[in-house]
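Below is one structure, written out as structure tokens; comments come after it.
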Amino acid sequence: MRDLKLPFCPGCGLFSLTNAFLRAVHELGYEDLSNFVFCSGIGCSSWIPSPYFMADSVHTLHGRSIPVATSIALLRPNLHVVVFGGDGDIVGIGLSHFVHAARRNTDILVIMGNNMVYGMTGGQVAPTTPLKAKTTTTPYGSFEHPLDAAKLAAVAGAAYSARWTTAHPKELRESIKKAINLKGFRFIEVITQCPTAFGRRVGFKNVGEMLKWFKENAVPVQQAEKMSQEELEGKIIIGEFIQRRRTTLGEAVYAMIKGAQKDEKQS
Amino acid sequence: MVQTVIDTANHIAAYAAKAARVQVVAAYPITPQTSIVERIAEMVESGEMKAEYIRVESEHSAMAACIGAAAGGVRTFTATSSHGLALMHEALHWASGSRLPIIMPVVNRALGPGWNIWADLTDSLSQRDTGWIQFYCADNQEVFDTIIQAYKLCENERVLLPAMICSEAFILSHTYMPVEIPDQERIDEFLPSYKPKWFLDVNNPFSHGNIVPPEWYMEFRYMIHEAMENAKQLIPEIDKEYGKYFGFEHGGLVEKYRCEDADLILLTMGTLGSEAKTAVDNLRKEGLKIGTARVRVFRPFPKEEIRKLAENTQMFTIINRAISFGMEGFLTEETKAALYNQKDRPLIAGFIAGLGGRDVSFKTIEKIAKKSAEWMQKGEVEKEIVWVDLKE
């Protein structure tokens, strides 16, 4: 870490996420972040690596961190390319990149802090806002169905997709450790509390209440499979949605180049 | 009944949308614009404003949704800033090319990187060639009045173009000022409901946005240019008419202040225009014959008014809160271009000031004016572009 004070509001869940990531890296035996490159877009979660991590980081356009990370991963296949972003950034304005990166199985790890609103601009409705939640652009409650990002990643072709909350720091840390060492498109969604722009508007009195809400409503994915749609209303499904080995974009590109060169030589 | 409210330019813009009886709003949050659309969302959901509010997933989609709604023949509104506007770019061409009178407040904010949320006009000025009419406001009252005026202008059959109503980040967007909101009935009289010249109609189907071959493309472009010229003629008329109705006029295309006998005229845009008035008053006391002209409309560019101003003055000093890299300030560029074929041209000095929200007070403007006065005396502009207060 650089010797700077993190920018988050008191009680923000992104402190926990930053902590979980750095601990995971440390426990994997890395002394520093020289094997990592970070990409982020615009939003609170995008502040995590930039400028706070003592590492190479690209703070880029709103929603465009995944395309930037894709090219870095192709150029430097030996480095861990990690994207930090919020729900607005990754599955709002940047959703198409997210789906295509999963489809191509791009060699990147995307960690998405999902606070369920556009937090940095003050709490507007986002594609992840739960039904009936009050935000500044839905003052009488949201009426649009929220997006299930972890499930979408799994369906779109990700090598690994998981969801945790900031009330599950140990599971989150272990998941990050595992994901760093896997290949292909890896996605970890972290449901995180935003007391400033979300919690107080939907009626939580303090951060503790929000964490309690996460803990009490979290349902492991295996258990959720046996539950009906009605039973799952208002629940947060946590756990690993998929883990599989598919040819990654990098492997496919380099194999193609090798094959083409061989053909050239033969002809 | 006329209502006096004390509020920010952003909230005032929202009230103007309501007063204009806007029917569809599509928007995406971005600092420092967000509080415009937040206030509209509140008013729509409480039933205070009868409109559809679409919560889109990007600015590109916001403009696309506005295009769809406006093509459906209804009064349409969105608002944005900086990167949001940049992301809209291709859709901006589609809105003007389709001749849709969409009105969009743009809260001028610097573009990144370095990431900056403060005032800078480069965002909208770099959209100069998209076929949008561009107004630049100097206070909150003007923001309200211009939105109402813009619907009247843009829905006119001789215009049918979209317009940006620009105001600077924080200097206006988040600053409280008293504003008079006229009686709704009188606003309805001034701005009757929108009667579109054409709209998507199942009973009279036609294909919108179709291919136009080289045989006709130029003619369509010519018509947009012609519409801009018509707008140039209509803007002062509408401003005057508005004044008669509600008591506020904003100078038509160019707001002039103490220019009649001025040897030196400060040309500005936006809030620098109001700050320049204080500088002019102070310098007049010191005996300098100085005035200021605020370019309120940048597209269509008020060439004729600029030429007229140039006739009786020795020097133009142009202050830009924007830069076209590799050339100079946009307003300097356009002013010089407007004067090229004139016989007697004044000296022109271009200054760059206040980028990324750096404060430009009347004192800074006085300093700029004094430097210009020196050059005027010598009859020569010593430096083509001056970056004011630059840390070198």
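Protein chains get the first letters and strands the later ones, always in sequence-line order, with residue 1 at the start of each. Being a predicted model, the structure only gives us computed values, none of them experimental. Excluded from the calculations below are hydrogen atoms, water molecules and symmetry mates; all remaining heavy atoms, backbone and side chain alike, are included.
- The residue among A:Leu95, A:Ile42, A:Val125 with the most heavy atom pairs within less than 4.5 Å of chain B is A:Ile42.
- For a residue to count as touching a neighbouring chain, one of its non-hydrogen atoms must lie under 4.5 Å from one of that chain's; by this rule B:Thr34 touches chain A with the side chain only.
- The number of heavy-atom neighbours closer than 6.0 Å to CG of B:Asn116, taken from other residues, nucleotides and ligands shown, is above 12.
- Between chain A and the residues B:Glu59, B:Glu57, B:Glu45, the most heavy-atom pairs under 4.5 angstrom are made by B:Glu45.
- Taking the six-membered ring where the residue is Trp, A:Tyr118 and B:Tyr28 present perpendicular rings, their angle passing 60° and hence far from 30°.
- Summarising the geometry of A:Thr138 relative to B:Arg55, their closest heavy-atom pair is CG2-NE, 3.3 Å, with the distance given to 0.1 Å.
- Residue-environment remark: CG (A:Leu4) exceeds the threshold of 12 foreign heavy atoms within 6.0 Å.
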Residue pair B:Glu38, A:Thr136: steps toward the side-chain hydrogen bond (donor to acceptor under 3.5 Å, both in side chains) verdict
CA-CA 6 Å; B:Glu38 278 181 347; A:Thr136 61; 2.7 Å; yes
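- A pairwise comparison of heavy atoms in B:His83 and A:Leu61 identifies ND1-CD2, 3.4 Å as the closest pair.
- In this structure, chain A has no heavy atom under 4.5 Å from any part of B:Ile40.
- At most 12 non-hydrogen atoms from other residues, nucleotides or ligands lie less than 6.0 angstrom from CD of B:Glu52.
- Other residues, nucleotides and ligands contribute at most 12 non-hydrogen atoms within 6.0 Å of the CZ atom of A:Arg76.
- With a 4.5 Å cut-off on non-hydrogen atoms, B:Ser46 touches chain A through its backbone and its side chain both.
- Atom CG of A:Asp3 has 12 or fewer neighbouring heavy atoms from other residues, nucleotides or ligands inside a 6.0 Å radius.
- In this structure, A:Ser50 OG and B:Trp115 CH2 are separated by 8.0 Å, a value rounded to the nearest 0.5 Å.
- In terms of heavy atoms, A:Ile93 sits closest to B:Leu87 at CD1-CD2, 3.6 Å.
- Atom OH of B:Tyr53 and atom OG1 of A:Thr137 lie 5.0 Å apart (nearest 0.5 Å).
- Nearest approach of A:Gln124 to B:Pro29, heavy atoms of both residues: OE1-CB, 3.4 Å.
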